[in-house]
2 protein chains.
Amino acid sequence: MADHRSVPEPTLRRLPCYIHVLKKVEQLGRQSVSTSDISRELKLDPTQVRKDLSYTGIVGKPRVGYPLKDLIEAIEHFLGWDECTHACLVGVGHLGKALLGYNRFGEYGVRIVAAFDVDEAVVGARISDHIVYHIDALPEIAQRFNIEMGILTTPASAARGASQNMVEAGIKAIWNFAPTALELGADIIVENAQLYATLAVLSRQMRGRVQAQPKPSPLRITPGAEQMGPEP
Amino acid sequence: MADHRSVPEPTLRRLPCYIHVLKKVEQLGRQSVSTSDISRELKLDPTQVRKDLSYTGIVGKPRVGYPLKDLIEAIEHFLGWDECTHACLVGVGHLGKALLGYNRFGEYGVRIVAAFDVDEAVVGARISDHIVYHIDALPEIAQRFNIEMGILTTPASAARGASQNMVEAGIKAIWNFAPTALELGADIIVENAQLYATLAVLSRQMRGRVQAQPKPSPLRITPGAEQMGPEP
DNA sequence: ATCATATCGAGTAATAAATCTCGATTTTTG
DNA sequence: CAAAAATCGAGATTTATTACTCGATATGAT
Ligand SMILES: NC(=O)c1ccc[n+]([C@@H]2O[C@H](COP(=O)([O-])OP(=O)(O)OC[C@H]3O[C@@H](n4cnc5c(N)ncnc54)[C@H](O)[C@@H]3O)[C@@H](O)[C@H]2O)c1
Ligand SMILES: NC(=O)c1ccc[n+]([C@@H]2O[C@H](COP(=O)([O-])OP(=O)(O)OC[C@H]3O[C@@H](n4cnc5c(N)ncnc54)[C@H](O)[C@@H]3O)[C@@H](O)[C@H]2O)c1
């Protein structure tokens, strides 16, 4: 239905979860699926699932649900995951190697066609079938392979410099795994992987579960000042 | 101020970003920081930053901002990151190895004290100074090392089984990197790392930039092609 | 000492998202 | 063939989150 700019971000974030559920259901041999099925699996409200799915333009049948294959395709198409985006990865360290070894990005519309680093120890190596080039080769290779997306997995200290390199090489979208906000032009799309966001939620819940009361913490600035104006 | 369950999740997700900015500012030698500084760096509204920070109980000074050191400590304490949580990692594959090689989890209140797998090829190995045990040893070792958190990095197909193992070993919180919803008791805290959520947002923005119009998609229901009831 | 300025913090308004309600539709059952 | 059950989809309502406003206050300049 609505194909324009007005898709809630929470919806976008849930769509991959739907795909994962749907593919699992598909392996069971089912032909169709209802929002009740999906919501049961993901513990969401059925009408929310319905509203989310409606953004993709899919139409369901009362009493039956949605045709499974069409629904998966609709979501994938909506996200652009039915088309292949050429990506490069910059920073072949621990995390970079893990991403290079992940052989399912194709399902998510991404194909890593080159990797880059500055460390002579990895430059020239083959990591999970990907050649690691020196970062200086980025502009040329980016153009040659028509690279649209950059996956940034350098240390935080190198992230801004590396992102600059990407932009200079003509890359328009960056998936940033470094815990740093990038400083780039408004025409560059940046999305931070935010690994720690989920850890923060988890940690907070753990602490909250154990000791749910407000405790007299040692982090007060002016001792004794609860909600009055702080004394000098 | 409010130390109870009433912290908005968006706030929790932003707190780690603040920590990252603050630590960078700290390295510059600054003693204090204002919400204007933070909001400029992260492109957020200053009053939103202020409201987020207020949950940690920190108090700032007009015209000056917040004492940097205290602020970092306040956020870390609020998240429980000033205390060490013992964790184990289950599934020593590409991603698991990357996480084992990450030597900064201490800053996030997590210490990986053991790793587990079923594959004889990795069981017994040392990965970045972590010993890999067979999953069968999980109950004993979890108890011995007082493991509270499980980091789940198995393939999706093994995720539910492995999470079951964790729970049986007494683990109460799971950081789940597998793209599967886990089916566990309500007393178990689960947080899904959701790697693909950010990719979905990125992909959608990329496609939206290129072709913003709604197009007649081929995803309509073919009448009569359906069968299969809703119940499996 | 007084004034200008930046910033905090609380309260309020506006916006966004989740949830609820209900009529319509399709399939299965009696 | 009629009734019952399940589910869709649109719209209304509620709740959550973000953005705005403003008085108070600390600092540095005049
Ligand atoms: N490893 C993890 O599990 C993990 C977890 C959370 C976050 N992260 C984040 O991901 C990023 C990478 O982490 P890591 O553990 O893989 O680090 P790492 O040190 O193992 O790897 C970083 C790689 O980047 C390369 N590099 C440095 N500067 C570069 C430059 N200017 N251009 C190109 N390459 C450059 C280094 O040579 C190295 O190979 C970090 O920002 C880290 O905070 C990693
Ligand atoms: N590698 C990535 O970059 C990446 C990216 C996104 C998501 N993921 C997700 O992370 C998970 C791990 O990915 P990966 O690439 O590391 O996979 P992988 O196949 O490299 O590693 C999985 C590991 O889990 C082990 N394992 C299997 N069953 C087990 C069980 N029952 N108990 C304990 N260990 C078991 C395997 O032996 C293997 O070592 C997957 O669910 C994947 O979807 C990975």
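Throughout, protein chains are lettered first and strands after them, A, B, ... in sequence-line order, and every chain is numbered starting at 1. Just so it is clear, the model here is predicted, and its values are computed rather than measured.
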- [ ] Give the rounded distance in Å between these two atoms: CG of A/Asp45 and C1' of C/dC20.
- [x] 8 Å
- [ ] Using atom CD1 of B/Ile58 as one end and atom C1' of C/dG9 as the other, report the distance to the nearest whole Å.
- [x] 14 Å
Open item on the list: For the residue pair A/Thr85 / B/Arg207, report whether a side-chain donor-acceptor contact shorter than 3.5 Å exists.
Closed with: yes
Open item on the list: Which residues pass the ring pair (Phe, Tyr, Trp, His ring centres under 6.0 Å) test with A/Phe105, not counting sequence neighbours?
Closed with: A/Tyr102
TODO: Return the nearest nucleotide to the side chain of B/Pro8; candidates are C/dA17, D/dT17, C/dT12.
DONE: D/dT17
Task: Nearest-nucleotide comparison on DNA chain C, the residue closer to the 5′ end among A/Thr11 and B/Thr47 - done: B/Thr47
- [ ] Measure from the ring center of B/Tyr196 to the ring center of A/Tyr108 and say whether it is less than 6.0 Å.
- [x] yes
Open item on the list: Could you tell me how far apart B/Ile38 (CD1) and C/dG9 (P) are, to the nearest whole angstrom?
Closed with: 12 Å
Open item on the list: Please enumerate all residues that pass ring pair (Phe, Tyr, Trp, His ring centres under 6.0 Å) together with B/Phe177, with sequence neighbours excluded.
Closed with: B/Trp175
Open item on the list: Does C/dA17 have its OP1 or OP2 closer than 4.0 Å to a side-chain nitrogen or oxygen of A/Arg13?
Closed with: no
Task: Euclidean distance, atom NZ of residue A/Lys51 to atom P of D/dA12 [Å, nearest integer] - done: 11 Å
TODO: State which residues pass side chain to side chain contact (heavy atoms under 4.5 Å, CB included) with A/Pro62; sequence neighbours excluded, sorted by chain then number.
DONE: none
Within the sub-3.5 Å range, which N or O atoms of nucleotides 4-7 of chain C have a protein N or O partner, and how far apart are they?
from: C/dT5; atom 1: O2; to: B/Arg63; atom 2: NH1; distance (Å): 2.8
from: C/dT7; atom 1: OP2; to: B/Ser36; atom 2: OG; distance (Å): 3.3
from: C/dT7; atom 1: O4'; to: B/Arg63; atom 2: N; distance (Å): 3.3

Task: Atom-to-atom span, CD of B/Glu9 to P of D/dA16 - whole angstrom - done: 13 Å
Task: Qualifying salt bridge (Lys or Arg N to Asp or Glu O under 4.0 Å) pairs, either residue in residues 8-23 of chain B, two or more places apart - done: B/Glu9-B/Arg13, B/Arg14-B/Asp52, B/Lys23-B/Glu76, B/Lys23-B/Glu107
Open item on the list: Using whole Å, what does the distance between atom P of nucleotide C/dC8 and atom CD of B/Gln48 come to?
Closed with: 14 Å
TODO: Quickly work out the A/Leu68 CG to D/dT7 P distance and round it to whole Å.
DONE: 15 Å
Task: Nucleotide C/dT26, atom P - distance to CD of A/Gln31 in whole Å - done: 20 Å
Task: A/Asn103: partners by side chain to side chain contact (heavy atoms under 4.5 Å, CB included), with sequence neighbours left out - done: none
